[in-house]
Amino acid sequence: MNFTFSEDQLEFKEAVKGFLAGECTPEHLRKMVESGEQFSHARWQQLAEMGLTGILVPEAQGGLGMTEIDFILLAEQCGYAALPEPLVETAAIAVPLLKAIGGQEKTLERVASGSLVVTVADRRDEVVTTPKTDLMVLTFDGQAFRATENTSNFITSESIDPLRPVSLTDYSGAVLMEGDGTQDIWEKHEERASLMAAAGLVGLSQRMVDMSVAYAQERHQFGKPIGSFQAIKHHLASTMVAIEFVRPVLYQAAYEVTAGHCAILHTSHAKLKASEAAMDAAEVAHQVHGAMGYTYEVDLHLWMKKSWVLTATAGDQIYHEDQIDNLVMTGALDVGPAATFS
Amino acid sequence: MDLHYTDKQNDFRAEVRSWMADNVPTSPLESFDTQEGFEAHRAWERKLATGNFGMVTWPKEFGGRACTLIEWLIFEEEYFRVGAPGRVNQNGIFLLGPTLMEYGTDEQKAKFIPRMASGDDIWAQAWSEPSAGSDMAAIRTKAIRDGDHYVINGQKTWSTRAAYADWCFGLFRTDPDSKRHRGLSFILLPLDLPGITIRPIPQLNGQTGFAEIFFDDVHVPVENCLAGEGEGWKVAMSTAGFERGLMLRSPARFQATAGRLVELCQQNEKRVSGHVRRKVLDAWMDATAYTLATYQTASRLIAGGKIGSEASLNKIFWSEMDRSMHRTALSILGAKADLMSHAAGADGVGNWLDGYMFSLAGPIYAGSNEIQRNIIAERLLGLPR
Ligand SMILES: Cc1cc2nc3c(=O)[nH]c(=O)nc-3n(C[C@H](O)[C@H](O)[C@H](O)COP(=O)(O)OP(=O)(O)OC[C@H]3O[C@@H](n4cnc5c(N)ncnc54)[C@H](O)[C@@H]3O)c2cc1C
């Protein structure tokens, strides 16, 4: 029993954090919004060169052959930076699904090299808020489709998050997978999608707290920094408590997903609590920023909006509450002490 | 990361489980806030000691088993799984014990730890005073050096277990001219010394959980001072670190409460609203999160880390979770919730009301949650004072 990350995992996280701090700055995000851009090809190439698009791609296909637990801290950092490109969606959600479907070596190679972006539509969400990318894998009624702009009908939609391309689709295309085993592969995929969204939300929440702390040190009222007022301190402290108690749940979920166990209880728990922490963090951050938070003048709104979108997708709060209810309330699960690790 | 127990850890769990099955009293002991209940709990502590289960993390020479913190968590899980008695010895084993191991001389360790482990000495904490609550640095009770003794005068209050305990430890002002954190010393003393008067204070549930301690020229040998005169604040902060940080409330306690709450909800399935059901799920989720967080901290400490701001995060989380779980139980019980557990018609009410009353104290003792939020904001987030 050792519930810590390895030195390597922590160093990788620091490297990615440092990279994003330099290459995915709020200034750059603002420029993208102003110019209506939603994807930086230059940054995607850099991410690919760092090996990030191929972290979970097998070494035989040019990837690093790593696992979800190696990615989870990086997914958090993508949220922290509000990275617009769907790195998590491609590298940590689509790649393992393609691996499970099998026979997708060529596609995986292209993902690792950075020449292909893949995302997966989530059947749990009533509205498909999947970023439109080069190739999409969609599911419907137990079949998985491979859909591209040539094979399927995409209607561009618009989300409140200006840096998130969304489209509607009619779920058609070349069938990738059907029949026996499909359901199981898809359920595992959904657990992974919930997990990674939860990680993003934890990162977003942490950044909103950090932004608020910085703002509260700068902004003066009554002759003092507003951060010296206890009401402000306590709002932010409570948010930190919420975030810090999502993290271990998230990491256990990542561990269970990596181990290939049924992880729905853990991933739904992580996603539900990460969503609630992020919604709270956004409200608190908004309050701390005063009227500034209600504008485009400060960067907060980009993080808030991404939090809303991630909260509502990869299974919304009602979906995840139901999953937990089904296991905890039905007697299916030992709920007392000594049952934490299966 | 490896979230599997080792064979050794599984064997340890099996050993604890079987020992508990053979030894845990079949019916609950009377509350330790009564004289008889206190002695019954002391007898239970003695029994635990015979199995070397008093404090499993302690070195063998002090009656422990040199277990890791992970094994301590396993022990606690098995302990709460069978609803074993509350630890009347908690102040000693969880707080003073680790402090003595860190700061005590060999003589002090030999004198105090074995008797603590065996349940022969039950300890009370004496920090708070009428005008030093949250502001502990405002302590006034004086311990003035006179040859090889300190002479103590003043008053402590809210001292849990003091009505029946054997010894107490706390902070006293050894330098009468000092201010605030300076000039305080950490002193250990028996509660039956001449000049000590103990006045029990009834708590919300009517029992004498804590007491005032009055000191009138009480003589205490200087060797009862821990870590040197004037070093008291530093030592007290490390004790407070254990209290808030890890030991005071082990996660299994809340998992047991959450488990009982899920059961209560199932039994009342028909009348429970979606809102209440969600609160019950929160109980399970939060108890799980607290458990995982504790395993994380334990792993970090085993790897050589130190307990830091998670102490304050933990204190807020468990105390507010506990209050919320009990309040949810009361809302499920409805009008019956307010019946005393021994009263007519109270079948099945159990001790939720008592638990709720005690949970109200959680956000106050061991450093109030407001103080903890200040600490998080200033030390973890770096906001200005
Ligand atoms: C069940 C129980 C057991 C206890 N056991 C012991 C024991 O064994 N030994 C012992 O020494 N003491 C014990 N205590 C006392 C406990 O440590 C104190 O109650 C605690 O430190 C708070 O002090 P106070 O009660 O004087 O409240 P106050 O300090 O008067 O606080 C009252 C309110 O004001 C708030 N407040 C105070 N200062 C600030 C600030 N700077 N910023 C924001 N809010 C503030 C507090 O958070 C609280 O809400 C126990 C208390 C209880 C309830």
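Each chain gets a letter, A, B and so on, in the order the sequences are listed, and its residues count up from 1.
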So, A/E276 and B/R278, do they make that salt bridge, N to O below 4.0 Å? yes
Bottom line for A/Y251: the part with an atom under 4.5 Å from chain B's heavy atoms is both
Here the gap from A/T340 atom OG1 to B/E77 atom CD, rounded to the nearest 0.5 Å, amounts to 5.5 Å
In this structure, CD of B/Q372 is separated from OG of A/S238 (nearest 0.5 Å) by 12.0 Å
Taking every heavy atom of A/M329 against every heavy atom of B/C265, the minimum-distance pair comes out as CE-SG, 3.6 Å
- So, the side chain of A/K233 versus the backbone of B/P384: is there a donor-acceptor pair under 3.5 Å, distance only? yes
Cut-off 4.5 Å, heavy atoms of chain B, and the answer for A/V246 is neither
Residue from A/A339, A/A338, A/A259, A/A270 scoring the most non-hydrogen pairs under 4.5 Å with chain B is A/A338
- [ ] Say whether, by atom type as modelled, one donor and one acceptor occur between the side chain of A/Q217 and the main chain of B/G382 under 3.5 angstrom.
- [x] yes
Ranking A/T258, A/V328, A/I324 by heavy-atom pairs under 4.5 Å to chain B gives rank one to A/V328
Problem - Ion pair B/D282/A/K273, N-O distance below 4.0 Å - result: yes
Looking only at B/E370, B/R260, B/R13, most heavy-atom pairs under 4.5 Å shared with chain A are made by B/E370
If you tally heavy-atom pairs under 4.5 Å between each of B/I316, B/L313, B/D2, B/T257 and chain A, the highest tally belongs to B/D2
Among B/Q9, B/R385, B/E320, B/R277, the residue with the most heavy-atom pairs under 4.5 Å to chain A is B/R277
Minimal heavy-atom distance between A/H269 and B/A289, with the atoms involved, is CE1-N, 4.3 Å
Looking only at A/A216, A/S6, A/S228, the option with the highest number of non-hydrogen pairs under 4.5 Å against chain B is A/S228
Residue pair B/F317, A/F245: steps toward the ring-ring contact (aromatic ring centres under 6.0 Å, His included) verdict | CA-CA 8 Å; B/F317 192 80; A/F245 283 90; 3.8 Å; yes
Donor-acceptor pair, distance only, cut-off 3.5 Å: does the side chain of B/S299 make one with the backbone of A/F3? yes
Item to check | Atom CG of B/D22 with >12 non-hydrogen neighbours under 6.0 angstrom | outcome: yes
Smallest heavy-atom separation, A/T4 atom then B/R300 atom, equals CG2-N, 3.9 Å
Have B/T288 and A/Q252 got a donor and an acceptor in their side chains that come within less than 3.5 Å?
no
Value for CD (A/Q230) from CG (B/L383), rounded to nearest 0.5 Å, stands at 11.5 Å
### Message
Within the 4.5 Å heavy-atom criterion, are B/M1 and A/N2 side-chain neighbours or not?
### Response
no
Distance col, row B/L381:CG vs A/D210:CG, nearest 0.5 angstrom, shows 7.5 Å
Taken to the nearest 0.5 Å, the spacing of B/N374 CG from A/H234 NE2 works out to 3.5 Å
Subject >> More than 12 heavy atoms from other groups under 6.0 Å of CD on A/Q287 >> reply: no
When the 4.5 angstrom heavy-atom criterion is applied to A/I69 and chain B, the contacting part is side chain
Residue from A/M240, A/E321, A/E244 scoring the most non-hydrogen pairs under 4.5 Å with chain B is A/E321
What one should report as the nearest heavy-atom pair of A/P337 and B/A252 is CG-O, 3.7 Å
So, the part of B/L380 with a heavy atom under 4.5 Å from chain A: the answer is side chain
Criterion side chain to side chain contact (heavy atoms under 4.5 Å, CB included) on B/W284 and A/L265, from CA distance to verdict
CA-CA 11 Å; B/W284 180 84; A/L265 179 69; 3.5 Å; yes
Does the side chain to side chain contact (heavy atoms under 4.5 Å, CB included) test come out yes or no for A/L236 and B/R373, once each step is laid out?
CA-CA 9 Å; A/L236 291 168; B/R373 285 185 164 86; over 6 Å; no
Q) Is there a donor-acceptor pair under 3.5 Å between the side chain of A/Y255 and the backbone N or O of B/L3? A) yes
Looking only at B/R81, B/E263, B/Q296, the option with the highest number of non-hydrogen pairs under 4.5 Å against chain A is B/Q296
- Under the side chain to side chain contact (heavy atoms under 4.5 Å, CB included) rule, what do A/F341 and B/H4 come out as? Steps first, then yes or no, please. CA-CA 7 Å; A/F341 301 101; B/H4 291 96; over 6 Å; no
So CE of B/M285 and NE2 of A/H320: to nearest 0.5 Å the spacing works out to 11.5 Å
- Around atom NZ of A/K188, are there more than 12 heavy atoms of other residues, nucleotides or ligands at under 6.0 Å? yes
Applying a strict 4.5 Å limit to non-hydrogen atoms, the region of A/L327 in contact with chain B is neither
